[in-house]
Visitor: 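Below you'll find the structure I mean.
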Amino acid sequence: MAGSPTARRRRLSIELKKLREKGALTCAQVGEALDWSGSKVNRMETGSGRVQPSDIDALCRFYDTSDELREFLMSLARQAKTRGWWQVHGAGVPEWFNIYIGLEQDASTFRQYQCELLPGLMQTAAYAGELHKTGAHLSAEVIDRAVRVRMERQAMLTRSDAPDAWFVVNEGALRNVIGDISLMREQLERVLDAAELPSVTLQVLPFDSGTYPATGSFTMLGFPDQEDPDIVYRDGITDAVYLEGEHHVREYTRAFDGLRAAALSPQRSSRLIKSVLKEYAR
């Protein structure tokens with residue numbers, strides 16, 4: 001079973017939808033049979049609402065599941081209500097980003113393309129702090145909380161069960177000076193250190209790479225349980241998009257493979273980063 005509350009909630013939604021579809025029923029039909037609204041059933045299957053163990057018990061009796069499956073789903077419902085470690089930081093984590101962190105914690109594969117900024121999982125506290133300061137409405141306390149969450153997230157790359165993490169970074173992210181030159185030197189040294197981790201592969205997409213199949217940054221997460229489908233994540237200033245359909249995952253996988261093919265090898269990427277680092281040292 002996946003570990004984070006977010007992953008448990010997602011797995012529960014998947015299992016409930018499978019049970020309904022196995023019976024060739026609509027949400028409205030299930031709702032009518034249980035004296036619920038169809039929208040309540042839909043919210044359970046999309047993870048957009050709280051699911052009580054009593055609701056699971058009623059559904060399982062209606063679907064006539066085994067006792068083992070009912071206990072498993074009720075356990076998921078109970079554990080999905082627990083709080084993740086990142087949620088104690090309150091406003092430091094936007095509500096729409098809570099979902100992503102929960103999924104990230106359980107990923108077994110991690111694929112990310114960054115076109116403007118260096119990956120969050122490789123950022124120094126100083127670099128991350130400068131990025132958050134661009135939001136003038138954020139208080140110093142909220143910025144500090146956001147930076148601490150980002151630093152704690154980086155532990156996933158050094159766990160014994162670290163995900164297979166592959167990053168493709170546009171050369172522009174190396175040369176986009178955040179803060180000052182001194183900060184950037186420290187930041188690029190941090191990137192080089194992260195690239196040496198056994199779980200990490202890093203490639204740089206150089207300016208002269210020609211055309212490539214991407215129009216913005218994105219992340220793809222894969223999970224150890226085959227019942228949990230891969231997900232594509234893209235975020236903006238105030239919200240995020242989560243794409244799970246086979247078509248989306250297939251096309252983003254194709255795009256990422258194209259980016260990897262156009263990028264420099266990990267060895268040449270490290271040499272390019274070191275050359276930029278020397279420029280910052282002048």
Side-chain angles (χ1 to χ4, degrees), residues 1-88 95-111 156 159-164 219-233 240-250 252-253:
M1 187 194 310
S4 77
T6 305
R8 290 171 180 138
R9 191 176 304 115
R10 181 172 183 248
R11 178 66 182 281
L12 177 61
S13 299
I14 292 170
E15 294 297 332
L16 292 179
K17 184 176 181 180
K18 283 168 55 179
L19 284 171
R20 178 179 58 77
E21 292 180 340
K22 183 179 179 180
L25 298 167
T26 66
C27 289
Q29 289 171 326
V30 174
E32 182 178 3
L34 295 173
D35 199 24
W36 297 344
S37 66
S39 61
K40 174 177 178 175
V41 179
N42 179 260
R43 287 195 299 273
M44 291 181 180
E45 294 184 4
T46 57
S48 57
R50 292 286 185 181
V51 181
Q52 301 297 331
S54 57
D55 294 333
I56 299 302
D57 184 62
L59 283 169
C60 287
R61 293 184 187 284
F62 174 70
Y63 292 133
D64 194 25
T65 69
S66 66
D67 291 341
E68 291 78 13
L69 179 57
R70 182 171 71 251
E71 286 304 315
F72 172 67
L73 296 180
M74 289 180 68
S75 176
L76 284 178
R78 286 191 292 268
Q79 295 176 49
K81 294 192 290 185
T82 61
R83 287 165 59 85
W85 61 261
W86 58 93
Q87 292 176 301
V88 302
E95 185 61 33
W96 51 267
F97 196 52
N98 270 323
I99 299 172
Y100 173 78
I101 298 179
L103 295 171
E104 180 185 70
Q105 296 301 298
D106 286 281
S108 57
T109 62
F110 183 97
R111 303 286 182 264
M156 65 181 282
R159 296 185 325 223
S160 59
D161 62 341
D164 174 24
T219 302
M220 298 178 61
L221 301 175
F223 304 91
D225 196 318
Q226 291 185 347
E227 296 297 323
D228 298 329
D230 292 357
I231 192 166
V232 176
Y233 170 81
V241 175
Y242 297 84
L243 305 171
E244 297 184 71
E246 290 184 12
H247 168 71
H248 297 300
V249 172
R250 182 175 62 251
Y252 275 89
T253 298

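What's counted below: heavy atoms across the whole structure, side chains too, no hydrogens, waters or symmetry copies.
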Visitor: Might you work through the side chain to side chain contact (heavy atoms under 4.5 Å, CB included) test for Trp36 and Met44, ending with a clear yes or no?
Guide: CA-CA 12 Å; Trp36 297 344; Met44 291 181 180; 3.7 Å; yes
Visitor: Once you round to the nearest 0.5 Å, how far does CG of Asp161 lie from CE of Met156?
Guide: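 Rounded to the nearest 0.5 Å, the CG-CE separation comes out at 9.5 Å.
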Visitor: Hey, mind stepping through Leu19 and Glu15 against side chain to side chain contact (heavy atoms under 4.5 Å, CB included) and telling me if it holds?
Guide: CA-CA 6 Å; Leu19 284 171; Glu15 294 297 332; 5.6 Å; no
Visitor: Please name all residues satisfying salt bridge (Lys or Arg N to Asp or Glu O under 4.0 Å) with Glu71, sequence neighbours left out, ordered by chain then number.
Guide: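 By the salt bridge (Lys or Arg N to Asp or Glu O under 4.0 Å) rule, Glu71 matches no residue at all.
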Visitor: How many angstroms lie between atom OH of Tyr100 and atom OH of Tyr233, to the nearest 0.5 angstrom?
Guide: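 Reported value, rounded in 0.5 Å steps: 7.0 Å.
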Visitor: For Val249 versus Asp230, what's the shortest heavy-atom pair and its separation?
Guide: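 Distance-wise, the nearest heavy atoms are CG2-O, 3.7 Å.
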Visitor: Checking side chain to side chain contact (heavy atoms under 4.5 Å, CB included) for the pair Leu59/Thr65: CA distance, chi angles, key distance, verdict?
Guide: CA-CA 9 Å; Leu59 283 169; Thr65 69; over 6 Å; no
Visitor: Give me the atom names and distance for the closest heavy-atom approach of Cys60 to Leu73.
Guide: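 Shortest heavy-atom separation between Cys60 and Leu73 comes out as SG-CD1, 3.8 Å.
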Visitor: Who are the side-chain contact (heavy atoms from CB on, under 4.5 Å) partners of Glu244, not counting sequence neighbours?
Guide: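 side-chain contact (heavy atoms from CB on, under 4.5 Å) check on Glu244 returns Arg10, Pro229, Ile231.
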Visitor: Output all residues satisfying ring-ring contact (aromatic ring centres under 6.0 Å, His included) with Phe110, sequence neighbours left out; order by chain, then residue number.
Guide: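 For Phe110, the residues satisfying ring-ring contact (aromatic ring centres under 6.0 Å, His included) (neighbours in sequence not counted) are Phe167.
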Visitor: Who pairs with Ser108 by side-chain contact (heavy atoms from CB on, under 4.5 Å), at least two apart in sequence or on another chain?
Guide: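 side-chain contact (heavy atoms from CB on, under 4.5 Å) check on Ser108 returns Pro224.
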Visitor: How would you list, by chain and number, every residue that makes a side-chain hydrogen bond (donor to acceptor under 3.5 Å, both in side chains) with Thr46, sequence neighbours excluded?
Guide: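 With sequence neighbours excluded, Thr46 shows a side-chain hydrogen bond (donor to acceptor under 3.5 Å, both in side chains) to Ser48, given in chain and number order.
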Visitor: Checking Asp67 now: which residues fulfil salt bridge (Lys or Arg N to Asp or Glu O under 4.0 Å) with it, not counting sequence neighbours?
Guide: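 Asp67: salt bridge (Lys or Arg N to Asp or Glu O under 4.0 Å) contacts with Arg70.
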Visitor: Please report the interatomic distance CZ(Phe72) to CD1(Ile56), rounded to the nearest 0.5 Å.
Guide: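 Those atoms lie 11.0 Å apart.
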Visitor: Taking the side chain as everything from C-beta on, heavy atoms only, tell me whether Thr109 gets closer than 4.5 Å to Pro163.
Guide: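 Answer no - side chains too far apart.
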Visitor: Partners of Glu32 by side-chain contact (heavy atoms from CB on, under 4.5 Å), sequence neighbours excluded?
Guide: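 Counting only residues at least two positions away or on another chain, Glu32 forms no side-chain contact (heavy atoms from CB on, under 4.5 Å).
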Visitor: Leu103 vs Phe223, test: side chain to side chain contact (heavy atoms under 4.5 Å, CB included). Steps then yes/no.
Guide: CA-CA 9 Å; Leu103 295 171; Phe223 304 91; 4.1 Å; yes
Visitor: Quick check for you: to the nearest 0.5 Å, what is the distance between Thr219 atom OG1 and Tyr242 atom OH?
Guide: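 So the OG1 of Thr219 and the OH of Tyr242 are separated by 10.0 Å.
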Visitor: Looking at CE of Met220 and CG of Leu243, how far apart are the two atoms once the value is rounded to the nearest 0.5 Å?
Guide: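 So the gap between those two atoms works out to 10.0 Å.
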Visitor: Is there a donor-acceptor contact under 3.5 Å from the side chain of Arg111 to the main chain of Gly222?
Guide: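 Such a contact is absent between Arg111 side chain and Gly222 backbone.
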Visitor: Just to verify, what does Ser54 make a side-chain contact (heavy atoms from CB on, under 4.5 Å) with, not counting sequence neighbours?
Guide: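 Gln52.
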Visitor: By side-chain hydrogen bond (donor to acceptor under 3.5 Å, both in side chains), which residues pair with Asp35, not counting sequence neighbours?
Guide: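 If we apply the side-chain hydrogen bond (donor to acceptor under 3.5 Å, both in side chains) test to Asp35, skipping adjacent residues, there are no hits.
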Visitor: Report the residues that fulfil side-chain hydrogen bond (donor to acceptor under 3.5 Å, both in side chains) with Lys18, sequence neighbours left out, ordered by chain and then residue number.
Guide: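 For Lys18 the side-chain hydrogen bond (donor to acceptor under 3.5 Å, both in side chains) partners, ignoring immediate neighbours, are Glu227.
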Visitor: If I take atom CD from residue Glu246 and atom OG1 from residue Thr253, how far apart are they, to the nearest 0.5 angstrom?
Guide: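 One finds 11.0 Å between CD of Glu246 and OG1 of Thr253.
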Visitor: For Lys40, enumerate each residue passing the salt bridge (Lys or Arg N to Asp or Glu O under 4.0 Å) test, keeping only those at least two apart in sequence or located in another chain.
Guide: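 Expected list: Asp55.
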Visitor: Would you indicate whether the side-chain heavy atoms of Val30 and Tyr63 approach each other to under 4.5 Å?
Guide: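 A side-chain contact under 4.5 Å exists here.
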Visitor: Using the salt bridge (Lys or Arg N to Asp or Glu O under 4.0 Å) criterion, which residues pair with Arg20? Sequence neighbours excluded.
Guide: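 Testing Arg20 for salt bridge (Lys or Arg N to Asp or Glu O under 4.0 Å), a comparison that skips the adjacent residues, returns Glu45.
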